[in-house]
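Below, all heavy atoms of this structure are taken into account, side chains as well, without hydrogens, waters or symmetry copies. Below, chains carry the letters A, B, ... as their sequence lines are ordered, and counting in each starts from 1.
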Amino acid sequence: MIRTHTCGQLRSDQIAQEVTLCGWVDSYRDHGGGIFIDLRDRYGKTQIVFGPESGAENHELARTLRSEFVISVTGTVAPRPEGTVNPRLATGEIEVRPTRLEILNKSLTPPFQPGGKELPNEDLRLKYRYLDLRRPEMQNTILLRHQIISGMRKYCNELDFVDVETPMLGRSTPEGARDYLVPSRVHNGKFFALPQSPQLYKQILMIAGYDRYVQVARCFRDEDLRADRQPEFTQLDLEMSFVDSSDIIGLIDGLVARLAREVLGQEVKLPLPRMTYDEAMERFGHDAPDLRFGMELVDISDLAREAEFRVFRATVDEGGRVRGINAKGAAAAYSRKGIDELTSYVTQDFGAKGLAWFKVEEGRTLASPIAKNFTPAMLEKIAERMDAAPGDLLLFVADRFEVTCKALYALRKRLGEALKLYDPATMNFSWIVEFPMFAWDEENGCWGAMHHPFTAPRPQDVALLSSDPGKCRAQAYDLVINGTEAGGGTIRIHDPQVQQQVFGLLGITPEQARERFGFLLDALAYGAPPHGGIALGIDRWVMLFGRLDNIRDCIAFPKTQKATDLMTEAPGAVDAKQLRELGIQIRGADGR
RNA sequence: GGGGGUGUAGCUCAGUUGGUUAGAGCGCUAGCCUGUCACGCUAGAGGCCGAGGGUUCGAGUCCCUUCACCCUCGCCA
């Protein structure tokens, strides 16, 4: 070892010891006679002081030090003179008086200071990721990530889970997200696909008798990115045999409580609350509601049916719904212009036809350009239903149920943040359960799997597969943290007949099923135990536990929104020779 | 594919209704300074105003096209 201590380690206990530290020059303050260096490594900072006693040679060399030089310093730990102790530094009671200085490596002037206060633009941070990763904030996040992953591994290990690696080179399945494809050299014209998740493999492992499988698995989806979505991401993937939904949920409850305690120092009450999908859609308009605040959706369809206002009445008559939210005390905060902005938000982004609003005035009268279309009695009924009080802002969307969900969910989320309806430090963990098995796919005119084609229906709903698939509920469960989907899983079908029936509903012919998942169907026929599992989005856990608003900050080397790596400049062109070997020809820009 | 935002010195930003030589803070270079810790002081260097085209006597500023990054709708079983 060429160092005896780290830069975060020394305290008064080590005074008078000779030590050797290595690290990066965080800042240097040259006072002529004395030079002060803050030496930084992953563990902290230590002040190095070059005075006359350091010797002329060392002093001269110290004068040449610049930001981000990597140096090694040997010297004596000394107490700081009275009045110069730095309480903001863990090592602030001492400093090192060097007898030897070695420049291990110089640095170009960095495009930004890792120790600086101003955060540069993100593209610059991504290009010089090695400098960005030196920033204490980034190092904290990477360490948090490590803490979360190792906590997950320890937990699973204690519970007899077996860590099994599954292939990265698999076969493409047209269901679900777009695959990242890898061409085969040996089989020209054929392709592997990178896994969207190890779903099928983990089921096979249950059939193979491993009983409890776990993997920190990298997953790939070639879809457009978002603030909480990367094309490659990491899941804690697990699967268990001989379990039902509540076994999996209970297992993850324990993990949540443990990590909340270890990482955040927060006690979480178990069991975590569970809400059905239908209830979530009614109360919040979304299957991952943020339960840190109220402002729930309120249905006034029954009132709207009798209202004089044509827009409301017609919507209900056509089978739609009229629902609203009450932004408590927000009437003053939203001018006509502010409401116009909310209106264009829900109409342009979520397809709502409009946004009806009322400001609640003294005596609980409702003021709005559309108020004249209602009788006073009806306005009073609406106010009553909305629990309105003077100063409130009532917002309504009249539309198809799905549209009211999307628009009001988005409004609630936006208003909750703008009106600071919750403390960003609180953490809310909950489960959404009993998802529908199927969602009607308008585009293809058939049922689509809400989760994936191997999800088991609830035992009491199996008969609905043939009678009313839309009503059939799945043994599926999503973990929601602060309004973000942080994990999801299902109990799987282990009965080949039920599996065939589900394929049929999804429009997958027996031939297609055989071609795509023949191996799974075969395996299911050789003694498959009842099994189920879950996958947790590790990047999102880091984001939520670290209170970050961006998934890129949780990943050491993330991709941009266009799915490129600004540091390595991937993806890049390849040699013509490589393409020839793969039997691949690139089409021109004209598509030929 | 659609909507929105940003782009000016190495970095973070300001730049008026189009008008002389485009500024500030930080960083950088040099000098001075034993107690600083965002050290201080003095001096200096540093600009294709993202790129291309247009309007104009004149464009950082107005118009068109385009590129990059971010947010978002669609998409993400």
*Heavy atoms under 4.0 Å, any strand shown: does E95(A) hit a base, just sugar-phosphate, or nothing?*
base
_C1' spacing across the pair U61(B) / G18(B), given as an integer number of angstrom_ = 6 Å
*Any R80(A) side-chain N or O less than 4.0 Å from OP1/OP2 of U36(B)*: no
_Check: Y213(A) ring centre within less than 6.0 Å of Y201(A) ring centre_ = no
_Counting the atoms with a prime plus P, OP1 and OP2 as sugar-phosphate, which does P111(A) contact under 4.0 Å by heavy atoms, base, sugar-phosphate, or nothing?_
sugar-phosphate
*Taking 4.0 angstrom as the limit, do K559(A) and E232(A) come out as a salt bridge?*
yes
_Distance between P atoms of C26(B) and U21(B) (Å, rounded)_ = 28 Å
*asked:* Work out how far the C1' atom of C75(B) is from that of U6(B), and round it to whole angstrom.
replied: 25 Å
*Under 4.0 Å between any heavy atoms, over every strand shown, what does Y128(A) touch: base, sugar-phosphate, or nothing? Just pick one.*
nothing
*Parallel, tilted or perpendicular: which describes the rings of F454(A) and F517(A), with under 30° parallel and over 60° perpendicular?*
perpendicular
*G7(B): pairing nucleotide in any strand, Watson-Crick or G-U under 3.5 angstrom*: C67(B)
_Distance, rounded to the nearest Å, where F50(A) contributes CZ and U36(B) contributes C1'_ = 15 Å
*Return the nearest nucleotide to the side chain of R88(A); candidates are G35(B), C37(B), C76(B).*
C37(B)
*Which nucleotide in the set G27(B), C32(B), C37(B) lies at the smallest distance from any side-chain heavy atom of R63(A)?*
C32(B)
*Look at K202(A) together with D237(A) and state whether they make a salt bridge at an N to O cut-off of under 4.0 Å.*
yes
_Between A45(B) and U34(B), how many Å separate the two C1' atoms, rounded to a whole number?_
30 Å
_Among C39(B), C33(B), U34(B), the nucleotide that comes nearest once only the side chain of E53(A) is considered_ = U34(B)
_With R178(A) via side-chain contact (heavy atoms from CB on, under 4.5 Å) - residues at least two apart_ = D222(A), E223(A)
*Rounded to whole angstroms, how far apart are CZ on F36(A) and C1' on A38(B)?*
15 Å
_Taking any heavy-atom pair under 4.0 Å as a contact, classify P52(A): base, sugar-phosphate, or nothing._
base
*Contact state string [nucleotides 69-75 of chain B, B base, S sugar-phosphate only, - no protein heavy atom under 4.0 Å]*: SBBBBBB
*Carboxylate-amine/guanidinium proximity below 4.0 Å for D30(A) and R63(A)*: yes
*Tell me which of L124(A) and G83(A) sits closer to the 5' end of RNA chain B, going by the nucleotide each one is nearest to.*
L124(A)
_Distance test, side-chain N/O of T109(A) to OP1/OP2 of G27(B), below 4.0 Å_ = no
*Between C1' of U12(B) and CZ of R125(A), the distance in whole Å*: 14 Å
*Please check if atom CD in E402(A) has more than 12 non-hydrogen atoms from other residues, nucleotides or ligands closer than 6.0 Å.*
yes
*side-chain N/O R29(A) vs C39(B) OP1/OP2, d < 4.0 Å*: yes
*Which whole number of Å gives the distance between the P atom of G15(B) and that of A24(B)?*
15 Å
*Heavy atoms under 4.0 Å, any strand shown: does T173(A) hit a base, just sugar-phosphate, or nothing?*
nothing
*With nearest nucleotides of RNA chain B determined for P120(A) and T84(A) from heavy-atom distances, which residue corresponds to the more 5′ nucleotide?*
P120(A)
*Quantified in whole Å, what is the C1' atom distance between nucleotide G54(B) and nucleotide A38(B)?*
47 Å
*Under a 4.0 Å N-O cut-off, is there an ion pair linking D278(A) with R473(A)?*
yes
*asked:* U6(B), OP1 or OP2 - any side-chain N/O from N121(A) closer than 4.0 Å?
replied: no
_Taking only the C1' atom of each, what is the distance from A22(B) to G58(B) in whole angstrom?_
16 Å
